[in-house]
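The sequence lines fix the lettering, A, B, ..., with proteins before strands; numbering per chain opens at 1. Below, each value reflects all heavy atoms present in this structure, side chains not excepted, and no hydrogens, waters or symmetry copies.
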Protein chains: 2
Amino acid sequence: MATISIREVAARAGVSVGTVSNVLNRPDLVAESTRERVREAISALGFVRNESARQLRSGTARAIGLIVPDVGNPFFTDVAKGVEDTASEAGHAVILCNSDESAQRQERHLDLLTEQRVHGVLITPVDDSPEPVLRLRERGVSVVLLDHATALSDTCSVTVDHRIGGELAVRHLLEQGHRELAMINGPESVTQCLHRAQGARDALREAARDPGDLHVVEVPAMNVASGLAAGERLLTGNRPDAVFCANDLLALGLLQAAVRHGVRVPHELAIVGYDDIDFAAAAAVPLTSVRQPSRLIGRTAAELVIAETRDPGGHAHQRVVFTPELVVRESSRRPADQLSPCPER
Amino acid sequence: MATISIREVAARAGVSVGTVSNVLNRPDLVAESTRERVREAISALGFVRNESARQLRSGTARAIGLIVPDVGNPFFTDVAKGVEDTASEAGHAVILCNSDESAQRQERHLDLLTEQRVHGVLITPVDDSPEPVLRLRERGVSVVLLDHATALSDTCSVTVDHRIGGELAVRHLLEQGHRELAMINGPESVTQCLHRAQGARDALREAARDPGDLHVVEVPAMNVASGLAAGERLLTGNRPDAVFCANDLLALGLLQAAVRHGVRVPHELAIVGYDDIDFAAAAAVPLTSVRQPSRLIGRTAAELVIAETRDPGGHAHQRVVFTPELVVRESSRRPADQLSPCPER
DNA sequence: TATCCTGATTGAGACGTTTCACGACCGGAG
DNA sequence: CTCCGGTCGTGAAACGTCTCAATCAGGATA
């Protein structure tokens, strides 16, 4: 009940507070027998170190912040798991924040994390504005950008080459013989979205097609509901042969729309998603998707931010870029292949 | 760069540190003109309050901890969103921890949260042991149990009546004319799982059937992979007519197994899931599922924990119990209904 | 003019750690 | 016996904020 401090522990063990602190932080400095006595007192009293005090004294917290635009998206929870893996190995807590694609919420979370004096922040910013990141750096917080290309050269980042991802997706659709292509994309102010679209257009160019042929539907949020809405729009009137969706949630939404309209996938409409979340394989029609190494992305980012704070001066900023790969499933197979209905793999 | 404190602000504004603190916390005590001057200094210097120091002084943090067994499960991210909604209204941060159904990780997170001196903890414990909760209370942390019935009478909890949920699911399957029923369940040491199974057996009893007829397959973890594995086992040999899965992830796994074995759903196998996550509607066959009000659960729990810490003495512990409801979709419709293939709703 | 009141501001302690310069002790070498 | 080196342990000074009793200015009242 009454909160007990290092002082009570010291009293009970018959040593000074300094010694207790040493047992906690540099046990090798204290003699075997004393150490044992202090340990006994700690567990007898149920002492728990007050992290605020430690942090106040030592200047920095044993926590790192992670800001993602949508915790509901399994891609980001996978990334979060990766972050947690390495963070907890290093004894750091992870404060997971959901910006919900809102700049305002992102702002609030950043303020909060700065107040907490976190070790570092991993962030997938909601937009391309460098300003929030600069403000953090200015306050001495190290930052790693997650899955977000940036113009800031002096910042660590872990990204995936989304241009290649877009290219893989659309090249595959073209190879399958689809002609009329559409894309459901998030706002192009978000770099990931921009690059995926660029890659898609590159694939068209490569096939000697006019990149302008790609009918892009832009949605405000990259979730299932948006995909469904975009699908409703796309499937009325003259519909495309194939749609590349900027993530799997949009693709799942589109798929639902297709089912509602009685449009058969992939016979009448091929779909390719992005992220290869676990649910992609379990969808109404198993989804072809561009896979990102989500967990690895998280782990790498956490390593970078921990390395940077360990050695702030001599740290060389790194940009790690992963290459995505295409996972082909039912939703994009050439109609001919469909005649013999065989399950995935 | 150099971290600036309340002291610099005071110097620049030509007031004492006490006044700056008052501007921050009780602005009404400070004269208009002074207040303005201090505010100016704050923004000019880019001052950010050091939460550790505040917390050290005031004894408790403006943060609450949330421990869930699986962040990859959309049900829990929905709950988390609900928690965040009310927490951020009250100016609290949420530290989201993933125990991954491991008692050891849960333990580590609890230690961490105690060190952080969080305001309160919302937890869906990995097992039924009351010990971790008791330890927290002993240390003066208020606890709200999430979606977990408990023998502890002096603890707030927000739960769903899973017995009713199980009953709804199995009664529905029986009404659809299915005879051979199976259930894929998590360990019955987890109360949620136990209650769902009890409800299922109650439904059998109610239909004058032997509750022992329910063939229960117990899996160690409640995720897609486990569902797939259980499905592989269940679909070889003489398979049941219908399966009730203890959550949607298991159901999606089972569905994948069915597709691989060429077993048609619902014609040859009906499936009912639990939680009604967003992906349930987008599955290979839209899933019938027992819906819990996930976001509301999170919001309510956060309100409880905040209320409890606001008034620790006079607080009466509450148990809030929600009632689940059945959402019927394709995966469990009577084969007869299937003849005219019409999309959901 | 002296007194009292009110509203605004101050300054000095905490809060629980960590850190670091310093002292105490002991055994061995000179 | 003294001195030295090393090992352990100590105690006090921070860290940045909040709180609260105390002070102060200035006007109103007697």
Does OP1 or OP2 of [N] have a side-chain N or O of [X] closer than 4.0 Å?
{"X": "B/Asn50", "N": "D/dT17", "value": "no"}
{"X": "B/Thr34", "N": "C/dT9", "value": "yes"}
{"X": "B/Arg35", "N": "C/dA8", "value": "no"}
{"X": "B/Arg54", "N": "D/dC18", "value": "yes"}

With side-chain hydrogen bond (donor to acceptor under 3.5 Å, both in side chains) as the rule and sequence neighbours excluded, what pairs involving residues 56-78 of chain A come up?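 Found A/Thr60-A/His119.
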How long is the straight-line distance from CZ of A/Arg295 back to CG of A/Asp85, given to the nearest 0.5 Å?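 Interatomic distance, A/Asp85 CG to A/Arg295 CZ, rounded to 0.5 Å: 4.5 Å.
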Ignoring the backbone of [X], work out which of [options] is nearest its side chain.
{"X": "B/Ser21", "options": "C/dT17, D/dT19, D/dG11", "answer": "D/dT19"}
{"X": "B/Leu56", "options": "D/dT17, C/dT19, C/dC15", "answer": "C/dC15"}
{"X": "A/Ala31", "options": "C/dT18, D/dG9, D/dC18", "answer": "D/dG9"}

Mind checking B/Arg26 for me? I need base, sugar-phosphate or nothing, with any heavy atom below 4.0 Å counting as a touch.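 Sugar-phosphate: the residue B/Arg26, judged by heavy atoms under 4.0 Å, touches backbone atoms but no base.
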Just call it for B/Ser5: base, sugar-phosphate, or nothing, with non-hydrogen atoms closer than 4.0 Å on any strand.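 Result for B/Ser5 = sugar-phosphate.
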Report yes or no: do A/Arg105 and A/Asn98 form a side-chain donor-acceptor pair below 3.5 Å?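 No.
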Can you find a donor-acceptor pair, distance only, under 3.5 Å between B/Arg57 side chain and D/dC18 base?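 Indeed, a donor on one side and an acceptor on the other fall under 3.5 Å apart.
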Need to verify one output field. Residue with the more 5' nearest nucleotide on DNA chain C, B/Val15 or B/Ser58?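 Its nearest nucleotide being more 5', the pick is B/Val15.
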Axis deviation across the helix from C/dT1-D/dA30 to C/dG30-D/dC1, five-pair ends, to the nearest 10°: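 Rounded to the nearest 10 degrees, the bend comes out at 70°.
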